Amino acid sequence: MSYEQEDDDQYPSGYAGSFPKDFGYGPFEQEGDNSVSPLAGEQKPRILLMGLRRSGKSSIQKVVFHKMSPNETLFLESTNKIIKDDISNSSFVQFSIWDFPGQIDFFDTSFDCDTIFGGCGALVFVIDAQDDYMEALNKLHLTVTKAFKVNQNIKFEVFIHKVDGLSDDYKMETQRDIHQRATDDLTDSGFDQIHLSFHLTSIYDHSIFEAFSKVVQKLIPQLPTLENLLNILISNSAIEKAFLFDVVSKIYIATDSSPVDMQSYELCCDMIDVVIDVSCIYGLREDTDAAAFDSQSSSLIKLNNGTILYLREVNKFLALVCILREDNFDRQGVIDYNFLCFRKAIQQVFELRSKTLPTAVTTSNQNHLLNSQPGVDQPQANPATVQT
Ligand SMILES: Nc1nc2c(ncn2[C@@H]2O[C@H](COP(=O)(O)OP(=O)(O)OP(=O)(O)O)[C@@H](O)[C@H]2O)c(=O)[nH]1
């Protein structure tokens, strides 16, 4: 078994050794552990992509993180070694994805379970829903039990994949059946403490981005702080829904606590595409190599159903995309002010992280958000001191 990094960084096969501290944040960070490991320099949580051959692992990785169009994945060759891909789109979304060949054999002596599962944040197991999934379920069981024995902190995510070919009823039935069988198998063999999360996915729509967003969010220790900030922002600005997007990958690293509906998410993704495309075509000077997304990036789109999409740049990598009713946009000044407070708070989260302080973030800025709810008195004199 060999290891290949997309940027040609090769790891020797079958390296051994325990390295619980091979990334800077995430569920397995262990303070005070100075053990030297083969990956000692690596500071990123690791996401493993596993599943049977041709289940769609490489396609997922290419479509979500390398902008490959879904149709092009038809020509992907079968993976025959572990491909390691560092994703560094945003200061939050930094992790490495290991794409495993479908024919992986856990009993092969060169497969070092301790090394592979020991430093893993999430294990994504891909099941082809258009195929007979019994063999995949056996492999899923073998994989998660092996991984769990090595590392009990791994988040197990099952992608019931290629559901574009299935009717809505059949999709739900397949999910129910796979869920039932997989959890029954685990309970029967005494592993009922293993928790599996299930996602219906396809590379032909936004479901794969949504599912990956949820996988990545579980690896962000600051998530509760980000959600809290978003909740405060939307409730004080009469916003219906807000997503904090990693612009390059279009995965959202946080949203407020109201439920996510797929249509809203798709609308926001489409808005990012429009903004970046227009910016690339009309917004860049030819003599510079400036990025299409920068501190000047913002956009307002009015839909014909009285809804507004509002995008603002948060930092080099992140954008806030909000959905709100047109009537509530009357007080744009207040929304913009609240956004600036929100952005400042996000910067503090980043600063704290870079100083590697504990993640219990000071949320002093939360108290500076103004309230644009109709009927609520707005402070005039000194907005920065107003409690909402
Ligand atoms: N209909 C449909 N086809 C998909 C989807 N995702 C991947 N495929 C197709 O599935 C086939 C196999 O995809 P790969 O990404 O190569 O599968 P893999 O799991 O990496 O395969 P190995 O490298 O052999 O382990 C390709 O022809 C893809 O176009 C999907 O969401 N829907």
Side-chain angles (χ1 to χ4, degrees), residues 1-6 10 13 46-87 96-108 110-111 116 120 122-144 146-147 156-175 178 182 197-215 249-251 262 265-266 269:
M1 191 68 60
S2 58
Y3 300 75
E4 183 180 285
Q5 192 171 9
E6 293 259 288
Q10 296 258 351
S13 64
R46 188 185 310 158
I47 298 178
L48 309 184
L49 271 176
M50 293 185 156
L52 294 186
R53 289 186 75 137
R54 312 303 289 159
S55 54
K57 302 176 291 297
S58 310
S59 310
I60 292 173
Q61 189 214 359
K62 296 283 180 197
V63 168
V64 176
F65 297 106
H66 296 278
K67 302 261 163 235
M68 184 179 271
S69 87
N71 288 328
E72 280 177 71
T73 64
L74 290 167
F75 310 106
L76 282 178
E77 284 182 15
S78 201
T79 315
N80 54 18
K81 52 189 162 193
I82 300 174
I83 309 279
K84 181 182 176 242
D85 185 13
D86 279 340
I87 309 295
S96 65
I97 295 193
W98 290 23
D99 181 9
F100 283 72
Q103 70 278 20
I104 203 153
D105 178 6
F106 295 122
F107 300 103
D108 186 327
S110 69
F111 188 89
I116 286 168
C120 163
L123 191 159
V124 175
F125 193 93
V126 185
I127 295 180
D128 181 347
Q130 293 186 10
D131 201 5
D132 176 20
Y133 47 75
M134 289 309 156
E135 192 191 340
L137 283 173
N138 291 338
K139 191 78 175 187
L140 169 68
H141 181 82
L142 187 64
T143 308
V144 297
K146 275 247 170 214
F156 294 107
E157 313 282 345
V158 181
F159 283 8
I160 301 170
H161 192 52
K162 305 192 189 178
V163 291
D164 47 277
L166 311 183
S167 70
D168 279 351
D169 284 350
Y170 193 63
K171 249 186 236 180
M172 299 322 291
E173 174 55 26
T174 307
Q175 179 172 19
I178 289 180
S197 303
F198 294 86
H199 311 262
L200 290 166
T201 56
S202 163
I203 53 170
Y204 288 95
D205 57 34
H206 290 79
S207 57
I208 193 63
F209 294 90
E210 220 241 331
F212 235 103
S213 301
K214 292 188 172 146
V215 172
S249 63
K250 282 184 291 169
I251 60 182
M262 208 48 186
Y265 175 63
E266 284 177 21
C269 285

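Nothing here was measured: the structure is a model prediction, and the numbers come from that model. Read the numbers this way: they start at 1 and go in the same order the structure lists the ligands and their atoms.
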Q | Neighbour count >12 (heavy atoms, 6.0 Å) for atom CD, Glu173 | A | yes
Q: Please step through side chain to side chain contact (heavy atoms under 4.5 Å, CB included) for the pair Ile251 and Phe65, ending with a clear verdict.
A: CA-CA 9 Å; Ile251 60 182; Phe65 297 106; 4.2 Å; yes
Q) Can you check side chain to side chain contact (heavy atoms under 4.5 Å, CB included) on Val126 and Met50, steps first, answer last? A) CA-CA 6 Å; Val126 185; Met50 293 185 156; over 6 Å; no
Q: Go through ligand 1 atom by atom and flag the ones less than 4.0 Å from a non-hydrogen atom of Gln130.
A: 1 (N)
Q | Sequence-distant partners of Ala129, side chain to side chain contact (heavy atoms under 4.5 Å, CB included), two or more places apart | A | Ile160, Val163, Leu166, Thr174
Q.
For a quick test of reading the model, state the closest non-hydrogen atom pair linking Tyr265 to His206 and the distance between them.
A. CE2-O, 3.8 Å
Q.
I need the nearest protein heavy-atom contact for atom 20 (O) of ligand 1: residue, atom name and distance, please.
A. Ser58 OG, 2.7 Å
Q: Please could you name the atoms of ligand 1 that Ser202 approaches to less than 4.0 Å, counting only its heavy atoms?
A: 31 (O)
Q: May I ask you to identify the nearest protein heavy atom to atom 15 (O) of ligand 1, giving residue, atom name and distance to one decimal place in Å?
A: Ser59 OG, 2.5 Å
Q.
According to side chain to side chain donor-acceptor pair (under 3.5 Å), who are the partners of Ser207, at least two apart in sequence or on a separate chain?
A. Asp205
Q: Measure the distance from atom 23 (O) of ligand 1 to every protein heavy atom, then report the residue, atom name and distance (to 0.1 Å) of the closest one.
A: Thr79 N, 2.6 Å
Q: Taking all non-hydrogen atoms of both residues into account, name the closest pair between Ile97 and Gln61 and its distance.
A: CG2-CG, 4.2 Å
Q) Which atoms of ligand 1 sit under 4.0 Å from any heavy atom of Thr73? A) 26 (C), 27 (O), 28 (C), 29 (O)
Q | N/O separation below 3.5 Å, Phe100 to ligand 1 | A | no
Q: Run the numbers for me: atoms of ligand 1, each under 4.0 Å from some heavy atom of Gly102, listed by number.
A: 25 (O)
Q) Do any N/O atoms on Leu76 end up under 3.5 angstrom from N/O atoms on ligand 1? A) no
**Q.** Which residue and heavy atom of the protein sit nearest atom 18 (P) of ligand 1, plus the separation
**A.** Lys57 N, 3.5 Å
(Q) Counting only heavy atoms closer than 4.0 Å, does ligand 1 sit against the backbone of Lys62, its side chain, both, or neither? (A) neither
Q.
Main chain of Lys162, side chain of Gln130: is a donor-acceptor contact present, judged purely on distance under 3.5 Å?
A. yes
Q. Just which atoms of ligand 1 are under 4.0 Å from any heavy atom in Ser78?
A. 22 (P), 23 (O), 24 (O)
Q.
Test your reading of the model: is there a side-chain donor-acceptor pair from Thr79 to the backbone of Lys81, 3.5 Å cut-off?
A. no
Q) Nearest protein heavy-atom contact for atom 6 (N) of ligand 1: which residue, which atom, what distance? A) His161 NE2, 2.9 Å
Q: Please determine if Glu77 has a nitrogen or oxygen closer than 3.5 Å to a nitrogen or oxygen of ligand 1.
A: no
Q: Give the residue, atom name and distance (to 0.1 Å) of the protein heavy atom nearest atom 31 (O) of ligand 1.
A: Ile203 N, 2.9 Å
Q. Which of the numbered atoms in ligand 1 are below 4.0 angstrom from a heavy atom of Leu74?
A. 27 (O), 29 (O)
Q.
Which residue and atom name correspond to the protein heavy atom nearest atom 16 (O) of ligand 1, and how close is it?
A. Arg54 NH1, 3.0 Å
Q) Against heavy atoms of Asp164, which atoms of ligand 1 measure under 4.0 Å? A) 1 (N), 2 (C), 30 (C), 31 (O), 32 (N)
Q.
Donor-acceptor check, side chain of Lys57 to backbone of Leu52, threshold 3.5 angstrom: yes or no?
A. yes
Q | Donor-acceptor pair, side chain of Asp131 and main chain of Tyr133, under 3.5 angstrom | A | no
Q. Below 4.0 Å from any atom of ligand 1, is there a heavy atom belonging to Gly165?
A. no
Q: Could you tell me whether the side chain of Arg46 and the main chain of Leu123 form a donor-acceptor pair under 3.5 Å?
A: no
Q) Quick one: nearest non-hydrogen protein atom to atom 3 (N) of ligand 1, plus distance? A) Lys162 CD, 3.7 Å
